[in-house]
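Letters go in sequence order (proteins before strands), and every chain restarts at 1. When reading the values below, keep in mind they use all heavy atoms of this one structure, side chains included, and skip hydrogens, waters and symmetry mates. Since we're looking at a predicted model, the values are computed, not measured.
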Amino acid sequence: MPVLTVHQGFQKTEWTAEAGTPISRILAENGILVPQPCGGRGVCGKCAALMEGGLSAPTPEERKAGTRLICQAVLLGDASITIPQTQPMDQIETGGVEVMPEQPLGTGVGAAVDIGTTTLALRLFDLQTGQCLGVSSMANPQIAVAADVIGRIGAAMDGRLEHLRSMIVSAIETLIAQSAAQAGFEPAKVQTLAATGNTTMLYLLTGRNPEPLSHSPFEADCLFDETVQLGSRKAWLPPCLHAFVGADITCAVLASGMMKKDDIALLCDVGTNGEIALWKDGVLYVASTAAGPAFEGAGITCGCGSIPGAIDRVAVKDGALEVSTIRHQPAVGLCGSGLVDAVAAMLELEWVDETGAMDDDEVTLRDSVVLTQADIRAVQLAKAAIAAGIECLLRTAGVKHEQVQKVYLAGGFGSHLNLNNAARIGLLPESLIPRTEVIGNAALNGTVMTLLRGENLQELRRIAACAKHVDLGGNPVFNEQYVEMMFFPEV
Amino acid sequence: MELYAQISEKLQKGKAKDVKALVQEAIDAGLPAQEILEKGLMDGMNIIGEKFKNNEVFVPEVLVAARAMNMGSQLLKPLLAAEGVKAHGRVCIGTVQGDLHDIGKNLVKMMLEGKGLEVVDLGTDVSAETFVNTAKEQNCQIICCSALLTTTMSVMADVVKTAEAAGIRDQVKIMIGGAPVSEEYCKQIGADAYTADAASAADKAVEFCA
């Protein structure tokens, strides 16, 4: 069988695989995770690597990208590959709430984990005192299979469910080991786990066939709210609200406290899927809208995650762009918050008009990091999906903007977002900005609140009971608003 | 004519309200509806479609231009009917069963209408039977299927099979499109054409109807 020699940093490893095996599969099966934001379609060019030897002829996608792509190349004979060094993820929101324990879900040490499509975050607690003993986070290893939930559902239906399940189970094991090491004890001491995530993530975690999530009417055949055995531990899974509004939103709603008041309140979690919840008169209207991964850096020419050197802030100073990067490193790319800032700044400088047309084909932000006309269009599609989702939900519930008393912005992207710039590009309605509160990783916070205080189980069930799902797919109001929101607001 | 050029230009910029006002102006000036449609609206939409094919403009511009086209053609519809204008062909279009994504499908629909074809819009979540029955009952020359999910595109193969079983396969062309669909998939399931974008789809449809 052919041998693939893998160079990674100073390490060199050799693996054998059948001729005809895709390079991406060989790497994934040996634990090397190279993110493929476009889901391995050869479109985004983010998995470029140096490869030589017995490989398939370059595909049209690779010719277009001008480089070999891990997602495209297939091993035919002995070959070698040099994997680019991955930067550690920065800024993954592990959050923090202080909760006095009362009837916790277990005894001893417990862990709360948020299984995001892109990242995992875990916190460890002394269930008696409520003291946080450790935190850890990592990229979701399933990214190697597909970047989005639909891609993973497809892979699971193609017989890779067990592979996906074991990936996430061992990732959680790693996170527990890391955070337990911070506290100086054995991972086996962690007996209780509370795991939140979107509905697909919980399906994959429990090895359940996600086929019902793959087609309309998109009805989940299980919404969890149950305790399952995960290896040697008991894992409690909070209730999901719908096939595409998961337990992460149930927990975020709990953490926001929005249902404790009679006020009309809105909660948004902006990610690849934007989830929106609206509380009004005892009904929690929920919806999800496919924004695409632009705000996570995928599909953007120089887009990247929140890594050192990512441009995370752009402002206008004396008629020019003022740019800063994470940890003040040389600029390597543009992350979500920087992208929103950059577009807002270019609108202010009138380098982009309200229809989204740029004066020049591209603008250099700093060093080799540019923003192109195609990037602006991708931002328009993404922000229109979120803004139209919000508008559609408000209209369904018969709520006018001025009636919304509070907006909670949850999730990692929201935490680093400049709210005024979000309004400037039309991602969020401008009139709601003064009433907007950023609440960080609310999904994880809500999970911690339940892990430590059993009474919150009842509250989560109340949230689930009050939820009313609003379908945005094929919804004429949504479609109309989607086009309506495509332009940038005129000042 | 100055007015037609203005309609075309405003449509390309997606200025729906301006387009509507200009079309009304043209109607009030007594210009024939078909000429307003062809030299104003369709001209603008064709330019956008051409630029879209060449990657000079992107989905957002096409969407807003399509909306402007729609607002203008609403005004013309009753007049066109009164003038007895006939469409160049009839197409039924829909997003396949299990799939609710219709932004792309709506774009193709607008482009088809922009080429003067009559479009029967079946909406989303359309079964193979509905596609085929509609084509049969309403004498459509073309069935256009859209799918955005890898998990639903297999319905397109069912449409081909159902058309065969209904005995209309030789009377109807089946066109497919959507993000996960490819030329290769088109060949594999025995459909007639795959097109990568809305403008190419409209060109192909015109070719089939000729």
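Contacts between A/Glu480 and chain B at a heavy-atom distance below 4.5 Å are absent for every atom of the residue. If you measure heavy-atom distances from A/Asn475 to chain B, you find no contacts under 4.5 Å at all. With a threshold of 4.5 angstrom between heavy atoms, B/Asp99 approaches chain A through N, CA, C or O but not through any side-chain atom. Using a 4.5 Å cut-off between heavy atoms, A/Ala384 does not touch chain B at all. For B/Leu63, the parts lying under 4.5 angstrom from a heavy atom of chain A are both the backbone and the side chain. Only the side chain of B/Lys15 comes within less than 4.5 Å of a heavy atom in chain A; its backbone stays farther off. Residue A/Thr355 touches chain B through its side chain alone, counting heavy-atom pairs closer than 4.5 Å.
Here A/Met486 is the residue among A/Met157, A/Met486, A/Gln373 with the most heavy-atom pairs under 4.5 Å with chain B. Ranked by non-hydrogen atom pairs under 4.5 Å with chain A, the options B/Leu100, B/Thr150, B/Ile103 are led by B/Leu100.
Contact check on B/Asp192 versus B/Arg169 returns a salt bridge, with a Lys/Arg side-chain nitrogen under 4.0 Å from an Asp/Glu carboxylate oxygen.
For the residue pair B/Thr95 and B/Asp102, no side-chain donor N or O sits within less than 3.5 Å of a side-chain acceptor on the partner. The closest side-chain donor-acceptor pair between A/Gln72 and A/Thr59 falls under 3.5 angstrom. Between the side chains of B/Ser200 and B/Asp203, no donor N or O sits under 3.5 Å from an acceptor N or O.
Proximity of a side-chain donor or acceptor of B/Arg90 to a complementary backbone N or O of B/Gln138 within less than 3.5 Å is detected. In this structure a side-chain-to-backbone donor-acceptor pair under 3.5 Å is missing from B/Asn139 to B/Ala135.
A cation-pi arrangement, defined by a distance under 6.0 Å to the six-membered ring centre and an angle within 45 degrees of its axis, is absent between B/Lys187 and B/Tyr185.
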